[in-house]
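Beneath this line is the structure, given in structure tokens, with notes to follow.
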There are 2 protein chains.
Amino acid sequence: MLTIGRLAAHAGVTVRAVRHYHQRGLLAEPERDSSGYRRYDAAAVVDLIRIKTMADAGVPLARVDELLHAGQEEFADAVAAIDADLRARIRDLTRQRRRIAELAGGERLFLPADVVAVLERLRALGVSERTVRVERDMWIMMAAQSPELLPELVAVKNASFDDAELMRLYLACDEAFDWDPGDPRLVRLAADMKAWAARQQEHEDVGPDTRALLDAHLTASSPAWERLMSLVAAP
Amino acid sequence: MLTIGRLAAHAGVTVRAVRHYHQRGLLAEPERDSSGYRRYDAAAVVDLIRIKTMADAGVPLARVDELLHAGQEEFADAVAAIDADLRARIRDLTRQRRRIAELAGGERLFLPADVVAVLERLRALGVSERTVRVERDMWIMMAAQSPELLPELVAVKNASFDDAELMRLYLACDEAFDWDPGDPRLVRLAADMKAWAARQQEHEDVGPDTRALLDAHLTASSPAWERLMSLVAAP
DNA sequence: GTGCAACCCTGACGCGGGGTCAAGGTCAAG
DNA sequence: CTTGACCTTGACCCCGCGTCAGGGTTGCAC
């Protein structure tokens with residue numbers, strides 16, 4: 001007769017696991033001796049080994065019992081299902097590995113390389129780090145909301161670097177970041193921006209939802225910018 | 001200003017997840033409006049997307065915060081550690097897939113093919129299914145306790161099929177299974193077994209622990225066998 | 001006899017990443 | 001005024017055990 005510890009040792013599992021299997025109904029509760037200890041016979045070792053073998057093979061405990069008493073065909077079906085599940089989990093983990101590799105390569109910016117390049121061009125232009133961060137945040141939002149549009153947006157942005165007037169406006173906005181919202185220079189800047197916008201043909205890339213989000217972010221970044229946005233939006 | 005639902009939608013996560021991130025301290029709790037609703041700004045969207053990106057890449061939530069504020073080097077180290085963990089988990093799952101494939105191939109016997117073949121030989125010899133099952137259980141125990149000895153044990157067993165006297169004894173034991181323990185034929189059988197054993201050289205293959213377990217199993221299978229064992233063990 | 005280590009018992013919490021009620025308060029539209 | 005879609009907190013659930021906590025038992029040495 002075996003105690004639970006010796007049973008567990010024979011099967012290569014922990015005592016806690018044996019009790020867990022009892023609780024799940026996988027392994028029958030044996031007789032108790034006078035002091036309440038469980039007493040096992042050799043057949044229990046075999047039962048336990050079979051359970052352990054299943055568990056080690058990735059069979060969910062909930063299905064172990066069913067499988068132990070299944071016929072050939074059900075058994076094969078169940079095994080196929082479990083294997084499919086294991087494959088799916090491996091696939092998920094593999095995807096995660098790809099993602100984390102991208103993260104590591106993305107220089108902690110959580111952005112694809114071409115967007116990082118855009119931000120570099122802005123820095124090279126003389127834009128302040130503060131504004132670059134706001135721009136980065138907007139790219140993060142755009143990437144999350146319309147990843148399929150991202151390449152196009154990057155292309156448009158890169159093309160915009162050749163628009164000297166736009167670049168002048170961009171740098172002016174950068175400087176305007178911490179002006180007083182009542183500063184009269186904002187009115188002129190807004191007028192210049194409206195004039196520039198009037199010469200552009202419309203290309204509504206991101207959805208209105210995303211647009212609102214981006215605007216909200218700009219607005220919240222600086223009181224001067226908030227004023228600027230309202231001036232530009234006014235008729 | 002965004003409600004929690006709209007924030008979650010913008011980042012592509014569930015409302016429950018956002019609240020969970022608050023609870024874990026990953027995402028700062030925002031202001032509440034007059035009725036207690038959380039009110040988010042666009043910056044929260046960026047924060048949330050960064051968290052989600054990490055989580056999707058398999059970063060444990062407990063390390064997300066640390067990583068968001070880590071420097072280049074720590075970041076790289078942490079990413080390497082996480083990737084190693086992902087690889088380990090993939091390896092474990094792959095091992096499970098191999099194991100379950102073996103299970104499926106093993107005809108639900110949880111035993112390697114050569115042992116299955118031994119059992120087949122016994123059946124062919126005319127041994128009852130009942131006894132084959134006892135034998136199978138003993139192989140399961142031996143396989144679990146000393147897997148490294150298994151090939152040798154199988155070889156010895158296969159060789160034993162050529163020992164005509166042993167086979168006669170084996171079949172006699174099979175028949176004796178449900179004799180009355182007081183049956184006088186058991187005494188003769190035990191004597192024959194002792195005589196056979198005396199002619200054999202010792203080869204103590206499995207450990208004494210396993211030996212005791214196997215004996216216990218035989219003893220528990222049939223009262224007649226229990227008697228037989230005690231007769232053989234007696235001086 | 002007594003001390004001590006090594007067992008055994010039940011019960012309960014913890015992990016990770018949230019899902020899923022429950023029981024109510026709030027808001028916008030018709 | 002109602003309806004349905006939101007929001008709030010709180011609590012339990014999943015899986016496969018690990019790990020206490022707070023006891024009782026056994027066996028061996030002194």
Side-chain angles (χ1 to χ4, degrees), chain A residues 1-27 29-40 44 48 51-67 82 85-86 88-89 92-93 95-96 99-100, chain B residues 1-27 29-40 44 48 50-67 81-82 85-86 88-89 92-93 95-96 99-100:
Chain A
M1 283 302 179
L2 303 164
T3 65
I4 196 171
R6 299 176 59 64
L7 169 72
H10 277 308
V13 304
T14 65
V15 170
R16 180 65 178 91
V18 175
R19 287 202 269 249
H20 187 61
Y21 298 153
H22 283 318
Q23 214 174 337
R24 300 294 301 260
L26 296 183
L27 188 62
E29 280 277 3
E31 304 288 302
R32 306 294 183 112
D33 68 9
S34 60
S35 53
Y37 289 14
R38 292 178 180 84
R39 289 299 172 167
Y40 299 90
L48 182 52
I51 292 168
K52 181 206 187 235
T53 306
M54 290 271 181
D56 284 353
V59 177
L61 292 192
R63 311 197 60 177
V64 165
D65 194 53
E66 156 196 351
L67 249 70
I82 290 160
D85 182 57
L86 290 175
R89 284 160 61 187
D92 289 352
L93 288 175
R95 245 203 306 262
Q96 292 192 338
R99 291 230 176 101
I100 207 171
Chain B
M1 284 300 180
L2 302 163
T3 65
I4 195 171
R6 299 176 62 65
L7 169 72
H10 277 308
V13 304
T14 67
V15 170
R16 180 66 176 89
V18 175
R19 287 203 270 249
H20 188 60
Y21 297 155
H22 283 318
Q23 215 173 337
R24 301 294 300 260
L26 297 183
L27 188 62
E29 280 277 4
E31 305 287 304
R32 305 297 182 109
D33 69 8
S34 60
S35 52
Y37 288 16
R38 292 179 179 85
R39 289 300 173 166
Y40 299 90
L48 182 52
R50 287 158 61 95
I51 293 168
K52 182 205 186 231
T53 305
M54 291 271 183
D56 284 353
V59 178
L61 292 193
R63 311 197 58 178
V64 165
D65 194 52
E66 156 197 350
L67 251 69
I82 292 161
D85 182 58
L86 290 175
R89 284 159 62 188
D92 288 352
L93 288 176
R95 245 201 308 259
Q96 291 193 338
R99 290 231 177 100
I100 206 170

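Note that these values count all heavy atoms, side chains included, but never hydrogens, waters or copies made by symmetry. Here is how names work: the chains are called A, B, and so on, in the same order as the sequence lines, proteins then strands, and each is numbered from 1.
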*Please collect all side chain to side chain donor-acceptor pair (under 3.5 Å) contacts where either partner lies in residues 29-38 of chain B, sequence neighbours excluded, each pair once.*
B:Glu29-B:Arg32, B:Glu29-B:Arg38, B:Asp33-B:Ser35, B:Asp33-B:Arg39
*Does A:His20 have any ring pair (Phe, Tyr, Trp, His ring centres under 6.0 Å) partners at least two apart in sequence or in another chain, and if so, which?*
none
*Can you find a pair of side-chain heavy atoms, one from A:Leu7 and one from A:Pro30, that are under 4.5 Å apart?*
no
_Once side chain to side chain contact (heavy atoms under 4.5 Å, CB included) is applied, do any residues pair with A:Asp85, and if so which ones, sequence neighbours excluded?_
A:Arg89
_Sequence neighbours excluded - side chain to side chain donor-acceptor pair (under 3.5 Å) pairs with any residue from residues 1-13 of chain B_ = A:Gln145-B:His10
_Students should find this one: the first and last nucleotides of DNA chain D, 5' to 3', lying under 4.0 Å from a heavy atom of chain B. What are they?_
D:dC6 to D:dA11
*Classify the nucleic acid contact of A:Arg38 as base, sugar-phosphate or nothing, counting any heavy atom under 4.0 Å across all strands shown.*
sugar-phosphate
*Does anything in residues 52-65 of chain A pair up under side chain to side chain donor-acceptor pair (under 3.5 Å), and if so which pairs, sequence neighbours excluded?*
A:Lys52-A:Asp56, A:Arg63-A:Glu66
*Closest contact, heavy atoms only, A:His22 versus A:Leu27*: ND1-O, 2.9 Å
*Could you run down nucleotides 16-27 of chain C 5' to 3' and tag each one B, S or - for protein heavy-atom contact under 4.0 Å?*
-BBBB----BBS
*For A:Arg95, check salt bridge (Lys or Arg N to Asp or Glu O under 4.0 Å) against everything at least two apart and list the hits.*
A:Asp92
*asked:* Please give me the minimum heavy-atom distance between A:Val13 and A:Ala17, naming the atom from each residue.
replied: CB-CB, 4.3 Å
*For residues B:Leu48 and B:Tyr40, determine if any side-chain heavy atom of one lies less than 4.5 Å from a side-chain heavy atom of the other.*
no
*asked:* Let me test you: for the helix from C:dG1-D:dC30 to C:dG30-D:dC1, what is the angle between the axes at its two ends (five pairs each), rounded to 10 degrees?
replied: 30°
